[in-house]
Number of protein chains: 2
Amino acid sequence: MRLILDRLGERWTVTTLAELSNGPKRYREIERALVGISQRMMTLTLRRLERDGYVLRHVEPTVPPSVTYELSDLGYSFSTQVALLVTWSREHKSKLELARSTFDSKHDQS
Amino acid sequence: MRLILDRLGERWTVTTLAELSNGPKRYREIERALVGISQRMMTLTLRRLERDGYVLRHVEPTVPPSVTYELSDLGYSFSTQVALLVTWSREHKSKLELARSTFDSKHDQS
DNA sequence: CCGTATCCCTTAGGATACTG
DNA sequence: CAGTATCCTAAGGGATACGG
């Protein structure tokens, strides 16, 4: 259970899955879509998703190389689940923000 | 979106929500159920869930005090969503483990 | 019983520089 | 283009001790 939920806690997992749910994409395309991500994290995130079987990696050995990533069936299933949670998040965002500001003003932390 | 997903990344959020989804519980009860949690993290986790409006805290000012936690409507809605993901996780656990061991043996890291 | 306060270690992840 | 390698800091969270 944790082995799956831990992924969600990582900074770029959800956005990367969302990006790939629109179809296969090259490394550079994904990187450009994920504003603010470092090259290090882009690679790390993709590797972890690949390791878990969510993402497939195809290398075109041209010069310079072209590497494409796409969701596997497992990855597609997973990203669908995650999308549900993201939807829930969006729908309840305002309630959460209200709860937080209420809590913070009550427990006045100067 | 992140403000909600970040919670999931925290070590004890999901198990605490699961524990509370069975109904109101006292601090000590929850703590005992979450094997391995430190008192510090128990309190921190509950505070964060309370701050987000997922959990309600009732204090009975006896000596010694009795403090009860329970899910709010928002918290119940959230924990239901999370439970779906946990279910997915359990169902696909073996596929994930297989993917990982396959990946690891391929990318032999001595 | 229900916390808070400290100390400390491990990990996530950003910045930057370098390669096939 | 698609990565690695290194360095560095900030945050998560465990252990322990103390308090109303």
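In the text below, chain A, chain B and the rest are named by the order of the sequence lines, each starting its count at 1.
If you find the closest nucleotide of DNA chain C to Arg48(A) and to Pro65(A), the one lying nearer the 5' end belongs to Arg48(A).
When every heavy atom of Thr102(A) is checked against every heavy atom of Ser105(A), the shortest pair comes out as O-OG, 3.0 Å.
Between Tyr27(A) atom OH and dT4(D) atom C1' the separation is 10 Å, expressed in whole Å. Regarding Lys25(B), its NZ atom lies at a distance of 18 Å from the C1' atom of dC2(C), rounded to whole Å. Computed from coordinates, the Leu44(B) CG to dG12(D) P distance equals 9 Å when rounded to whole Å.
In the region residues 7-20 of chain B, proximity to DNA chain C at under 4.0 angstrom, judged on heavy atoms, holds for none of the residues. Near DNA chain C, meaning a heavy atom under 4.0 Å from it, residues 29-43 of chain A has Ser38(A), Arg40(A), Met41(A) in order of number.
One side chain, Tyr27(B) or Thr43(B), offers a donor N or O that lies under 3.5 Å from an acceptor on the other.
Looking at the side chain of Arg57(A), the nearest of the listed nucleotides dG3(D), dG3(C), dC1(D) is dG3(D). Considering only side-chain atoms of Arg47(A), the nucleotide from dT4(D), dC1(D), dC2(C) that sits closest is dT4(D).
Not one N or O on the side chain of Thr45(A) forms a donor-acceptor pair closer than 3.5 Å with the backbone of Met42(A). Under a 3.5 Å cut-off, the side chain of Glu29(A) and the backbone N or O of Arg26(A) do form a donor-acceptor pair. Side chain of Ser77(B) to main chain of Asp73(B): no donor-acceptor pair is present (N/O by atom type, distance under 3.5 Å, no hydrogens or angles). Of the possible polar contacts, one joining the Ser72(A) side chain to the Gly53(A) backbone as a donor-acceptor pair under 3.5 Å is found. In this structure, the side chain of Thr13(A) engages the main chain of Arg7(A) through a donor-acceptor pair within 3.5 Å.
Shown here is Lys95(A), whose NZ atom has no more than 12 heavy atoms of other residues, nucleotides or ligands within 6.0 Å.
Between Arg26(B) and the phosphate of dG3(C), there is no side-chain N or O to OP1/OP2 separation shorter than 4.0 Å. Proximity of Arg28(A) to the phosphate of dA2(D): no side-chain N or O atom is located under 4.0 Å from OP1 or OP2. Between dG3(D) and Tyr69(A), a contact under 4.0 Å exists linking OP1 or OP2 to a side-chain N or O.
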Output, in order, the C-alpha distance, side-chain angles, deciding distance and verdict of salt bridge (charged side-chain N to carboxylate O under 4.0 Å, His left out) for Arg28(A) and Glu31(A).
-> CA-CA 5 Å; Arg28(A) 262 300 219 170; Glu31(A) 197 187 17; 3.6 Å; yes

